[in-house]
Amino acid sequence: MRKLLFQSLFRRPFTEPAPSPDDAAVTELATVLGRTARRRLGRSLSIREIDAGSCNGCELEIHALNNAYYDVERFGLRFVASPRHADVLMVTGPVTRNMREALERTWHATPDPKWVVAVGDCARDGGCFAGSYAVVGGVSEVIPVDLHISGCPPAPMAMLRGLLALLERADTAAVTS
Ligand code: SF4
């Protein structure tokens with residue numbers, strides 16, 4: 001115990017440096033995203049997050065979107081508790097056999113039009129869990145996927161860029177159809 005206390009006095013913290021206080025890039029990206037959602041949907045974008053078997057690394061980055069630094073709710077992006085209120089399902093992790101039915105039922109419970117975003121490398125093809133007896137595979141093995149955001153885990157900015165690309169694609173499709 002004494003050794004631990006002594007080490008903690010001199011050891012540098014394990015945490016990474018805090019992000020730069022200049023969050024202009026976040027503000028710009030999230031503002032465009034919120035505006036595009038209102039143009040496409042007439043209201044805020046509602047997101048339901050589903051952990052289909054992740055290690056929780058992707059969840060930590062998704063949760064960061066709601067922390068005091070990113071605070072995306074101020075731009076009109078909301079995380080909702082029910083798939084019945086969602087426009088987007090953000091799914092993380094490889095889909096485990098235990099979560100397969102829950103994921104299917106959540107997808108069916110989400111009203112159309114809906115989009116599915118597979119977040120992280122595991123959500124694409126099982127990632128480092130591929131081949132496990134407990135894993136079905138990537139999200140597209142179970143439900144249709146509209147967008148994949150790669151990374152292990154992807155950073156919050158990558159998720160915002162992905163959501164914007166998704167809405168812009170939907171916006172263009174609506175105009176041309
Ligand atoms: S992509 Fe990486 S962080 Fe995300 S669930 Fe898989 S191993 Fe975890």
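Every number for a ligand or one of its atoms is a count from 1 in the order of the listing.
Between the side chains of D51 and N56, a donor-acceptor pair is found at a separation under 3.5 Å.
For R84, the CZ atom counts as loosely surrounded, since its 6.0 Å shell holds 12 or fewer non-hydrogen atoms of other residues, nucleotides or ligands.
Evaluated for a side-chain contact (heavy atoms from CB on, under 4.5 Å) with R48, the options D87, L89, V88 yield exactly one hit, L89. Here the rule is side-chain contact (heavy atoms from CB on, under 4.5 Å) with I143, and of V95, L103, I50, T110 only L103 fits it.
A continuous path of Ile, Leu, Val, Met, Phe, Trp and Tyr side chains, each step under 4.5 Å between heavy atoms, connects M90 with L166, placing both in one hydrophobic cluster.
Counting atoms of ligand 1 from 1 in the listed order, those under 4.0 Å from a heavy atom of G151 are 1 (S).
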side-chain hydrogen bond (donor to acceptor under 3.5 Å, both in side chains) for R78 and S44? Distances and angles first, verdict last. CA-CA 7 Å; R78 295 187 309 135; S44 303; 4.8 Å; no
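Of all protein atoms, those that are N, O or S and lie under 2.8 Å from atom 6 (Fe) of ligand 1 total 1.
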